[in-house]
Amino acid sequence: MSSGPDMPEAEGDLAAPPAAPPPGREPERQLLLIRLLPNLVSILSLCAGLTAVRFAISGHISTAVLLIVLAACLDGLDGRLARMLHSESAIGAELDSLCDFVNFGVVPALVLYSWGLRTDASMGWIAVLIYAVCCMLRLARFNVGSRAAVPAEKTGFLGVPSPAGAMLALTPIYFSQVTQSFLPPGITSFWMVGVGAMMISRLPTPSLKRVRIPASAAPFVLVAAVAGVALVITWPWWTLLLFSLCYSSMLVWYILRWLRQRGTGAA
């Protein structure tokens with residue numbers, strides 16, 4: 001039976017008119033998709049760190065360490081991408097900080113525990129807890145300082161930054177792989193606690209973000225960076241151990257200079 005002119009149309013014959021937006025409601029802000037790239041890099045960094053734990057538990061320590069190195073490289077990219085794309089945001093900063101705590105506080109500690117601290121579980125687990133807590137305190141202090149009107153770490157870092165601390169904490173693994181010898185758990189535990197103490201200290205440490213070079217030297221720096229990546233891929237343990245020793249030597253030099261300046265100021 002067909003509908004008459006006075007009868008309502010059957011359901012579906014006519015499209016319902018679009019609902020009017022509530023009065024006073026502003027249209028939703030549009031966001032360029034490429035501006036999500038920094039957050040995506042942070043998430044990929046977190047995935048690399050968590051996957052490192054999986055490989056460490058299954059006994060593939062070499063793969064786990066390289067995944068932590070990859071997480072550190074990705075961590076160095078997200079902030080720069082955010083500044084380049086003008087997509088800095090509060091949620092991006094919090095996301096980066098949470099990823100840093102997992103990747104450079106929790107993951108290296110668990111990898112070291114799986115690698116060589118389980119034979120002395122009590123001391124090893126205490127070192128794991130101390131290192132992770134130190135990393136958490138370090139990141140909390142950095143976040144508070146970065147939100148201040150005058151950032152406390154504008155010319156350098158106060159204490160060892162968390163990515164560098166993770167690379168330093170893994171030094172016993174580099175050393176054991178190079179020398180084909182196994183360090184006692186007590187030495188590894190002491191080293192982890194020492195690195196954690198350096199992270200929460202207020203000693204000045206170098207920041208590569210503040211290093212200035214002549215413009216004419218830029219091509220040589222780029223070539224050196226490519227060579228460094230190639231060395232890590234070709235001879236990872238020797239290269240990582242060399243980087244760790246160089247950074248440790250730089251820390252000693254900074255500490256001695258700081259102590260000398262304090263002694264001169266006191267005099």
Side-chain angles (χ1 to χ4, degrees), residues 34 37-56 60-85 92 95-96 99-112 115 135 156-157 160-180 195 199 205-251 253-254:
I34 195 172
L37 185 59
N39 292 343
L40 176 61
V41 172
S42 296
I43 294 172
L44 290 176
S45 173
L46 176 66
C47 293
L50 292 177
T51 307
V53 176
R54 174 200 166 194
F55 278 101
H60 299 86
I61 299 298
S62 301
T63 304
V65 171
L66 294 179
L67 284 171
I68 297 175
V69 174
L70 175 61
C73 294
L74 292 175
D75 177 70
L77 290 176
D78 55 4
R80 288 167 176 80
L81 284 173
R83 288 187 289 272
M84 289 172 56
L85 299 173
L95 183 64
D96 180 66
C99 292
D100 284 354
F101 173 62
V102 175
N103 289 336
F104 310 126
V106 177
V107 172
L110 293 179
V111 169
L112 282 163
W115 169 72
C135 183
F157 289 116
V160 175
S162 54
M167 296 298 101
L168 279 180
L170 295 171
T171 302
I173 298 180
Y174 314 152
F175 180 81
S176 296
Q177 292 288 339
V178 168
T179 61
Q180 298 299 315
V195 172
M199 292 170 70
T205 57
S207 172
L208 293 179
K209 298 178 182 179
R210 306 298 178 183
V211 175
R212 295 181 179 272
I213 59 171
S216 59
F220 300 100
V221 173
L222 293 175
V223 171
V226 173
V229 173
L231 287 172
V232 171
I233 295 174
T234 309
W235 299 290
W237 304 119
W238 279 101
T239 306
L240 292 173
L241 180 61
L242 180 62
F243 285 169
S244 178
L245 293 176
C246 290
Y247 187 78
S248 299
S249 302
M250 193 181 303
L251 287 179
W253 182 78
Y254 265 73

Heavy-atom check, side chain of [X] versus side chain of [Y], under 4.5 Å:
X	Y	result
Ile43	Leu95	yes
Trp237	Val65	yes
Val111	Phe55	no
Pro161	Phe104	no
Tyr174	Leu242	no

Check [X] against [Y] and note the closest heavy-atom contact, atom names and distance.
X	Y	answer
Pro163	Asp75	CG-OD2, 3.5 Å
Pro172	Ala169	CD-O, 3.2 Å
Ala52	Ala64	O-CB, 3.2 Å
Leu46	Cys99	CB-SG, 3.8 Å
Pro236	Ile233	CD-O, 4.0 Å
Cys135	Gly105	SG-CA, 3.5 Å

Tell me, with the steps shown, if Val195 and Val160 meet side-chain contact (heavy atoms from CB on, under 4.5 Å).
CA-CA 8 Å; Val195 172; Val160 175; 5.7 Å; no

Passing option when Ser45 is tested against Asp100, Asp96, Asn103 for side chain to side chain donor-acceptor pair (under 3.5 Å):
Asn103

Separation of [Y] [atom2] from [X] [atom1] (nearest 0.5 Å):
X	Y	atom1	atom2	value
Leu66	Ile61	CG	CD1	11.5 Å
Leu241	Ile173	CG	CD1	12.0 Å
Met199	Leu168	CE	CG	9.5 Å
Arg54	Leu67	CZ	CG	10.0 Å
Ser62	Gln177	OG	CD	4.5 Å
Leu251	Cys246	CG	SG	11.5 Å

Are the side chain of Ser244 and the backbone of Leu240 linked by a donor-acceptor contact shorter than 3.5 Å?
no

